[in-house]
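See structure below.
Counting starts at 1 for both ligands and their atoms, following the listed order. Predicted, not measured: the structure shown is a model, and the values here were computed from it.
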Amino acid sequence: MYQKFDVVIVGSGGAGLMAAMQLPNASVAVLTKVYPTRSHTGAAQGGVAAALGNQEEDHWKWHMYDTVKGGDYLVDQPAAEILAREAIDAVYELEHRGLPFNRTADGRIDQRRFGGHTRNFGEGPVRRSCYAADRTGHMILQTMYQSAIKNQVRFFNEFLVLDLLFNDGVACGVVALEIRTGEIHTFHAKTILFATGGYGRAWRVTSNAFACMGDGMSIAYRRGIPLQDMEMYQFHPTGIYKVGVLLSEAARGEGGKLLNDKGEYFMERYMPTLKDLAPRDIVSRCIVQEVNEGRGINGKDYVYLDVRHLGAKVIHEKLPDITDFARNYLGVEPITEPVPIQPTAHYAMGGIPTDVDARVVIDDQWTPQPGFYAAGEVACVSVHGANRLGTNSLVDLIVFGRRAGKHMAKFIAENDHAPLPTGYEEHSRELVDRLYSSTGNESATRIRSDLQNMMIDKVFVERTEKGLRESLEGIDELQDAYSKVQLQDKGKQFNTELVEAVELGFLLDCAEATIHGALARTESRGAHFRLDYPNRDDANWLKHTLAYKGTGAHDVRLEYKDVILIDDPIFKPKERKY
Ligand SMILES: Cc1cc2nc3c(=O)[nH]c(=O)nc-3n(C[C@H](O)[C@H](O)[C@H](O)COP(=O)(O)OP(=O)(O)OC[C@H]3O[C@@H](n4cnc5c(N)ncnc54)[C@H](O)[C@@H]3O)c2cc1C
């Protein structure tokens, strides 16, 4: 089926919906492979950062500083300035749309502490995270979805986008599979926004929802667009042991602490100032070090998160959901018992490169790809650099989702629809037909689980050349095996086996770009920690990786792009001491 809109937005998480709300006079279609409010944004717990200063003095420049420093200086500083400045207004926009934030006694938005957010350029923790209990993302999605419905946005739920169309370099549409019927649809548009989220399912232990398979990144990559800084993948320190489900940093923001087998609150030893609220890359590494040195609980690969001293009242009021997770998944009562945790795959700092208006840019000269935008976790603007601070993703969604929407409004006023290219559905039909007709006898489930095990064994918190080389061989083998995947279910309607097989192809591409970037980057920075190159190397590596899909089956071409710094001594790269 063929349909025509001004704007097509792929993804109904926070980034996609925030953009949709900026386009009241346009015809807007939002395509999503899950029901809109099931997007992963709904799982965000802790909060959204903005220097409102409601609880204590705060400034956007302090927020910018923390973002740049937290990102281990791989941050494009003008983008971080926009993030910190516009966060304030974007949060008020959410408030005015009806988001039920927790309140201070005098009725303003309440704020709490989160890792790496400090006052006065690193002096000590500051209360910057605006929150709605530990369900902030859920509230954001509900609020925005209602607004979008009110604005007459057309939703196409359970549509799996397979391809992005260009005519002479101008983005002009997408092709999607309607999961309910198995039909292929083409959506013709003047401009397209990808807001498809991350790829945390590439690891066995992950906080990410089943839908986080890297679709948008891979679709762009297959169309010749580079992926930026994919080796910068964040592992959150506190995933529920073995399961990976997240226990938000809000637990430590409220005073929770990490405990080792000796009964020691060990973060005090590593990070005397910020302690448990040091940035995530550092805390994850400290946990791994405790485990490696034999201080994991009962000698195993986990430690405890302890919130007992907060008392039942604070736990019930401020951390209700996550303490329920501990009860449900582990049978542990956090009011009286410490909770077993381990680092869990969480967030992609890298993604599709964009400028500060969310326009996709395809090389080191910042050449835009006309009509194509990306925002949210799928994009790399780059405000998070090598490590994202807690509560800085939700703010990225609303600030750059909003900028994307505003810029697209201008673009559609100035441009007509570019015609669709000839044979525009061919590629997608081939992709689906190949899976239906394959007799290769390979199982998508087997490949996915081998990928997830490999990524957790070799491309995790600590990396080495040996492990990364092995994973390079591993990913090539898995890509080969993928070309032989055979479906058992040949039905058309709600063929979830087909959907999962298509998604696995996306996930493999993201893992491939991650491994190539990680092997090449012979330094340690932020979340990318190389045991064989333990130091940051600004002379050689203060630059972004751009990974392009090559022409051969396993070829990946790496290029590099300068990091944009501003002329202010306070933001000059320096050693990241806390
Ligand atoms: C458990 C958890 C807790 C978090 N807590 C916080 C927090 O407290 N604060 C914070 O700042 N950040 C937090 N984060 C990070 C943050 O929530 C995410 O980075 C962010 O929500 C991503 O939003 P998004 O709009 O980019 O994409 P998502 O919300 O992931 O949405 C992606 C959308 O794309 C659609 N989609 C994907 N592929 C396709 C396709 N092929 N076809 C059609 N549709 C497609 C999906 O259906 C979905 O609608 C948390 C993350 C997790 C996993």
Side-chain angles (χ1 to χ4, degrees), residues 8-19 30-50 87 112 114-115 129-132 134-138 140-141 144-145 155-164 174-179 187 193-201 206-219 234 236 238-240 244-250 253 280 321-322 325 344-349 351 374-379 384 388-398 400-401 404 499 502-503 505-506:
V8 163
I9 295 175
V10 185
S12 61
L17 293 184
M18 192 70 173
V30 173
L31 277 62
T32 165
K33 63 180 179 176
V34 299
Y35 186 76
T37 50
R38 287 193 177 273
S39 304
H40 189 61
T41 297
Q45 301 164 356
V48 42
R112 64 177 160 205
F114 247 79
S129 162
C130 313
Y131 66 101
D134 51 5
R135 308 182 182 114
T136 313
H138 173 89
I140 287 182
L141 266 194
M144 291 203 197
Y145 184 50
F155 280 89
F156 292 87
N157 301 339
E158 298 181 330
F159 276 65
L160 178 72
V161 170
L162 304 172
D163 195 14
L164 171 64
V174 298
V175 183
L177 172 87
E178 183 179 4
I179 298 172
F187 292 81
L193 169 69
F194 270 18
T196 50
Y199 65 103
R201 298 305 298 187
T206 178
S207 70
N208 279 205
F210 281 93
C212 299
M213 298 289 282
D215 308 28
M217 295 182 196
S218 161
I219 292 169
Q234 176 166 82
H236 193 295
T238 58
I240 289 183
V245 169
L246 192 74
L247 296 181
S248 164
E249 202 170 293
R280 290 173 177 175
D321 275 7
I322 57 172
F325 295 157
T344 184
H346 187 57
Y347 183 83
M349 273 76 73
E377 194 172 334
V378 69
H384 308 302
R388 170 175 76 80
L389 295 185
T391 72
N392 255 1
S393 169
L394 293 181
V395 73
D396 173 2
L397 310 182
I398 60 175
F400 292 101
V499 171
V502 171
E503 290 178 322
F506 297 147

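Contacts between M213 and ligand 1 below 4.0 angstrom, taking non-hydrogen atoms only, are absent altogether. Only backbone heavy atoms of A195 (N, CA, C or O) come within less than 4.0 Å of ligand 1; its side chain stays farther off. By the criterion of a heavy-atom distance under 4.0 Å, both the backbone and the side chain of L160 are placed next to ligand 1. Within the 4.0 Å heavy-atom criterion, neither part of L162 lies near ligand 1. Contact annotation: for F159 versus ligand 1, heavy atoms closer than 4.0 Å belong to the backbone alone.
Distance alone, capped at 3.5 Å, places no donor-acceptor pair between the Q45 side chain and the D321 backbone. Without hydrogens or angle criteria, Q234 side chain to R388 main chain gives a donor-acceptor distance under 3.5 Å. Remark: the backbone N or O of G47 is not paired with any side-chain donor or acceptor of T391 at under 3.5 angstrom. A donor-acceptor pair is defined here as one N or O able to donate and one able to accept, closer than 3.5 Å; such a pair exists between the side chain of R112 and the backbone of G46.
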Let's go through F194 and V174 carefully: what are the C-alpha distance in whole Å and the side-chain angles of both, what is the deciding distance for side-chain contact (heavy atoms from CB on, under 4.5 Å) to 0.1 Å, and is it a yes or a no? CA-CA 10 Å; F194 270 18; V174 298; 4.3 Å; yes

Go through V502 and V499 one step at a time and tell me if the side-chain contact (heavy atoms from CB on, under 4.5 Å) criterion holds. CA-CA 5 Å; V502 171; V499 171; 5.9 Å; no

Would F325 and L247 count as a side-chain contact (heavy atoms from CB on, under 4.5 Å) here? Give the steps. CA-CA 8 Å; F325 295 157; L247 296 181; 4.2 Å; yes

Between E377 and Y347, is a side-chain contact (heavy atoms from CB on, under 4.5 Å) present by the stated rule, with each step listed? CA-CA 8 Å; E377 194 172 334; Y347 183 83; 3.4 Å; yes

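Here the heavy atom of the protein found nearest to atom 26 (O) of ligand 1 is E377 N, 2.9 Å. Remark: minimum distance from atom 12 (N) of ligand 1 to any protein heavy atom is reached at S393 CB, 3.5 Å. The shortest contact between atom 52 (C) of ligand 1 and any protein heavy atom is with H40 NE2, 2.6 Å. The protein heavy-atom contact nearest to atom 41 (N) of ligand 1 is D215 OD2, 2.8 Å. Closest protein heavy atom to atom 44 (N) of ligand 1: K33 N, 3.1 Å.
With L160 as the partner, the side-chain contact (heavy atoms from CB on, under 4.5 Å) test is satisfied by one option alone out of L31, D215, V34: D215.
Each of the atoms 44 (N) of ligand 1 lies under 4.0 Å from some heavy atom of L31. Ligand-side atoms of ligand 1 in range of Y347: 19 (O), range being under 4.0 angstrom from any heavy atom. Here is the list of ligand 1 atoms found below 4.0 Å of a heavy atom in L246: 1 (C), 2 (C), 3 (C). Residue contact check: N208 has heavy atoms under 4.0 Å from atoms 53 (C) of ligand 1. Counting atoms of ligand 1 from 1 in the listed order, those under 4.0 Å from a heavy atom of V34 are 47 (O). Using a 4.0 Å cut-off to heavy atoms of G376, the atoms of ligand 1 that qualify are 26 (O). Shown in contact with A15 at under 4.0 Å from a heavy atom are these atoms of ligand 1, numbered in order with element: 25 (O). Of all atoms in ligand 1, listed by their number and element, those nearer than 4.0 Å to a heavy atom of T391 are 9 (N), 10 (C), 11 (O).
Ring centroid separation for the pair Y145 and F155 comes in under the 6.0 Å cut-off.
Ionic pairing of K33 and E503 is present here: one or more N-O contacts between side-chain nitrogen and carboxylate oxygen are shorter than 4.0 angstrom.
In this structure, the separation between OG1 on T32 and CZ on F159 is 11.0 Å, given to the nearest 0.5 Å. Note that OG1 of T41 is 5.0 Å distant from CG of L397, once rounded to the nearest 0.5 Å.
Under a 4.0 angstrom heavy-atom cut-off, R388 registers as being in contact with ligand 1. Using a 4.0 Å cutoff on heavy atoms, G14 counts as a contact of ligand 1. At least one heavy atom of S207 sits closer than 4.0 Å to an atom of ligand 1. Ligand 1 has H346 within reach: a non-hydrogen atom of the residue lies less than 4.0 Å from it. A heavy-atom separation below 4.0 Å is not found between T136 and ligand 1.
For F114, no nitrogen or oxygen atom sits less than 3.5 Å from a nitrogen or oxygen atom of ligand 1, counting backbone and side chain alike. Between A375 and ligand 1, a contact under 3.5 Å exists for no N or O pair.
Scanning G216, A44, G11, G197 for the heavy atom closest to atom 4 (C) of ligand 1 points to A44.
Side-chain polar atoms of S12 and S39 form a donor-acceptor pair below 3.5 angstrom. In summary, the side chains of T344 and H236 do not present any donor paired with an acceptor at a separation below 3.5 Å, with no hydrogens or angles considered.
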